[in-house]
Visitor: 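Got a structure here, written out as structure tokens. Questions coming.
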Number of protein chains: 2
Amino acid sequence: MTTMGYSGSDPSATVCAEMIEAVRAAEDVDGIHRVCSRLCREVGFDHFIYGAQFPVSLVRPRIVIISGYPAEWREHYDASGYLTADPTVHHCATRSTPVVWRDLAAAGRRRQKEARFWGEAGEYGLRSGVSFPIHGKSGEFGMLSLASTEPHFKMDAAIRRVLPIGQLLATYMHEASRAVFDQECLPIRYDGLTTRERECLLWTAEGKTAWEIGNILGISERTVVFHLKNVTEKLNVTNRAQAVARAVACGYIQPRLSR
Amino acid sequence: MTTMGYSGSDPSATVCAEMIEAVRAAEDVDGIHRVCSRLCREVGFDHFIYGAQFPVSLVRPRIVIISGYPAEWREHYDASGYLTADPTVHHCATRSTPVVWRDLAAAGRRRQKEARFWGEAGEYGLRSGVSFPIHGKSGEFGMLSLASTEPHFKMDAAIRRVLPIGQLLATYMHEASRAVFDQECLPIRYDGLTTRERECLLWTAEGKTAWEIGNILGISERTVVFHLKNVTEKLNVTNRAQAVARAVACGYIQPRLSR
DNA sequence: CTCGTAACTGTCAGTTCTTGCAGGAGACGA
DNA sequence: TCGTCTCCTGCAAGAACTGACAGTTACGAG
């Protein structure tokens with residue numbers, strides 16, 4: 001096989017490039033919605049939905065939904081508390097690979113709530129589809145789903161074809177929605193910690209006491225306390241546990257592969 | 001445009017399906033290496049490298065490297081401390097979208113260390129390429145890079161073509177390496193926390209004291225302490241800060257979209 | 001009905017954290 | 001040279017956490 005095996009007219013490459021440009025250019029939620037809506041049609045699906053949660057607060061994370069799903073289904077979904085039963089959400093929350101609904105439906109046939117979930121989804125016009133997970137560096141989590149009113153066996157080829165481009169597009173959608181989102185809550189994303197502060201915080205996250213950290217870093221316990229006090233002020237939190245939670249969730253401390 | 005715009009002989013779809021099967025079937029690091037090596041050749045690149053870090057410990061994360069890079073370059077890379085200067089690592093650590101090296105090289109032309117980095121990479125046979133980031137739910141972070149000895153302008157088309165399949169494959173590689181990795185340190189990934197324990201931990205991560213959490217949950221301060229004590233034992237950590245760090249890093253507390 | 005588990009509550013002693021106060025040394029840019 | 005920033009240090013009081021002992025209640029599985 002040669003490098004040129006792919007060359008010539010590969011239609012998906014063109015569509016792909018166009019879509020990426022479109023998503024990149026989108027400046028607000030509506031823009032993303034339009035692009036995704038178009039993609040959905042062009043690759044032969046009927047509905048799409050993109051959802052993401054940003055761990056601004058661990059107890060009340062910020063949720064973003066860009067929906068091309070039937071409104072009635074979404075209402076029913078929420079009312080039935082399907083978020084915790086939906087196997088596509090479970091898959092996407094725990095893995096990084098896309099998942100074809102057919103595979104999940106087959107595996108979950110025996111669980112009652114799950115079986116009912118698939119049955120009712122079908123009644124609302126969601127009979128087959130595929131979901132793409134996206135995880136971000138700050139622990140934010142999103143997923144893009146494409147659905148069809150056609151049954152599984154009719155969509156097989158379309159789903160296989162959409163796998164690569166779908167996953168790629170999901171990453172761009174995620175970045176786009178993050179950019180839009182970041183405009184709203186930038187202050188929380190700034191750390192501005194000094195090296196020493198980050199070191200102290202890191203060892204705190206490892207369960208060390210101030211005294212122990214002092215020994216490790218060769219400074220006095222008092223100085224460690226001083227640095228950690230500055231950390232809690234900079235991150236605008238009330239104690240070390242919350243500082244650690246925020247720093248880990250936002251990726252401030254995760255030994256620096258980045259600059 | 002119709003759904004069938006893609007149908008017929010789309011060579012990348014076939015390659016894609018084959019590769020995914022191969023990665024899925026890979027049972028160890030060598031297996032992943034073989035598959036990736038083959039992909040690399042088939043899509044017209046000369047070198048590949050996959051790296052991932054698993055936040056088992058925040059201070060000393062576990063690093064996994066599956067390398068198809070020239071050994072000399074890797075040695076020089078480590079010796080020069082390029083991990084912190086490498087703009088591809090920086091991009092992948094902070095974003096979810098793939099990045100074409102040409103774009104980064106253009107942006108970083110003015111920074112000294114970065115300019116030297118690109119120059120030396122070229123001398124070792126890495127003149128153009130593309131990198132795909134993968135983030136996982138537990139904060140683990142990986143990246144797959146494909147590189148060529150050819151200059152940017154000659155690889156343009158190949159890079160554009162490999163974008164979708166590369167990103168998809170990166171997710172499967174990540175899952176595969178995670179599966180291999182999980183075999184080694186499964187105990188740390190098990191939480192087994194009860195609902196109440198997770199609730200208490202969650203509020204702790206929000207900076208609440210035991211007394212406050214007791215008020216929030218309508219139970220006594222003593223009971224909260226009791227639950228948190230159980231949490232530190234189950235997670236095998238020494239205090240609440242470390243429990244929070246581990247729970248956030250491993251995704252135990254991030255209000256449950258999952259079951 | 002027994003067993004295991006989750007959830008809940010109490011007291012007490014010792015350790016650690018949090019927050020005030022006050023101050024010094026060195027690096028760096030305006 | 002001055003101001004700012006980072007890093008460092010001491011003391012002290014009160015709040016919060018940790019660990020150990022000793023229980024009760026509720027519920028489902030076997």
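All of these numbers come straight from a predicted model, not from anything done at the bench. FYI, side chains are in, hydrogens and waters are out, and symmetry mates aren't considered; it's all heavy atoms of this structure.
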Visitor: Do A:I66 and A:F48 make a side-chain contact, defined as non-hydrogen atoms from C-beta onward lying under 4.5 Å apart?
Guide: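 With C-beta onward as the side chain, the pair touches.
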Visitor: By nearest nucleotide on DNA chain D, pick out whichever of B:R240 and B:F226 is the more 5' one.
Guide: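 Counting from the 5' end, the first nearest nucleotide belongs to B:R240.
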Visitor: Find the distance B:N230:CG to C:dT9:C1' and express it as a whole number of Å.
Guide: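 So the CG-C1' distance, B:N230 to C:dT9, works out to 14 Å.
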Visitor: Who are the side-chain contact (heavy atoms from CB on, under 4.5 Å) partners of B:F117, not counting sequence neighbours?
Guide: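 Here the qualifying residues are B:W73, B:Y77, B:Y82, B:D86, B:P87.
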Visitor: Indicate the atoms forming the closest heavy-atom contact of B:N236 with B:R246, along with that distance.
Guide: O-NH1, 4.5 Å
Visitor: B:K229 has an atom NZ; how far is it from atom P of C:dA7, in whole Å?
Guide: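 To the nearest whole Å, that distance equals 17 Å.
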Visitor: Report the relative orientation of the aromatic rings in A:H47 and A:Y69; use parallel for angles under 30°, tilted for 30 to 60°, perpendicular for over 60°.
Guide: perpendicular
Visitor: Where along residues 208-224 of chain A does a heavy atom come under 4.0 Å from DNA chain D, residue by residue in number order?
Guide: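 Here the set is A:I219, A:S220, A:R222, A:T223.
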Visitor: Using whole Å, report how far NE2 of B:H227 lies from P of D:dG19.
Guide: 17 Å
Visitor: Check B:H152 against B:S128 and note the closest heavy-atom contact, atom names and distance.
Guide: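 It is ND1-CB, 3.4 Å.
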Visitor: Which whole-number value in Å describes the distance from B:E199 CD to C:dC8 C1'?
Guide: 14 Å
Visitor: Mind calculating the distance between CG (A:N239) and P (C:dT16) to the nearest angstrom?
Guide: 17 Å
Visitor: Starting at atom CD of A:Q242, determine the distance to atom P of D:dA16, rounded to an integer number of angstrom.
Guide: 15 Å
Visitor: Tell me if a side-chain donor or acceptor on B:T223 pairs with a main-chain N or O of B:I219 at a distance below 3.5 Å.
Guide: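 The answer is no, because no donor-acceptor pair under 3.5 Å joins these two groups.
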Visitor: Could you tell me how far apart A:R196 (CZ) and C:dG26 (P) are, to the nearest whole angstrom?
Guide: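 One finds 16 Å between P of C:dG26 and CZ of A:R196, rounded.
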Visitor: Between A:T194 and D:dC7, is there a contact of a side-chain N or O with OP1 or OP2 at under 4.0 Å?
Guide: yes
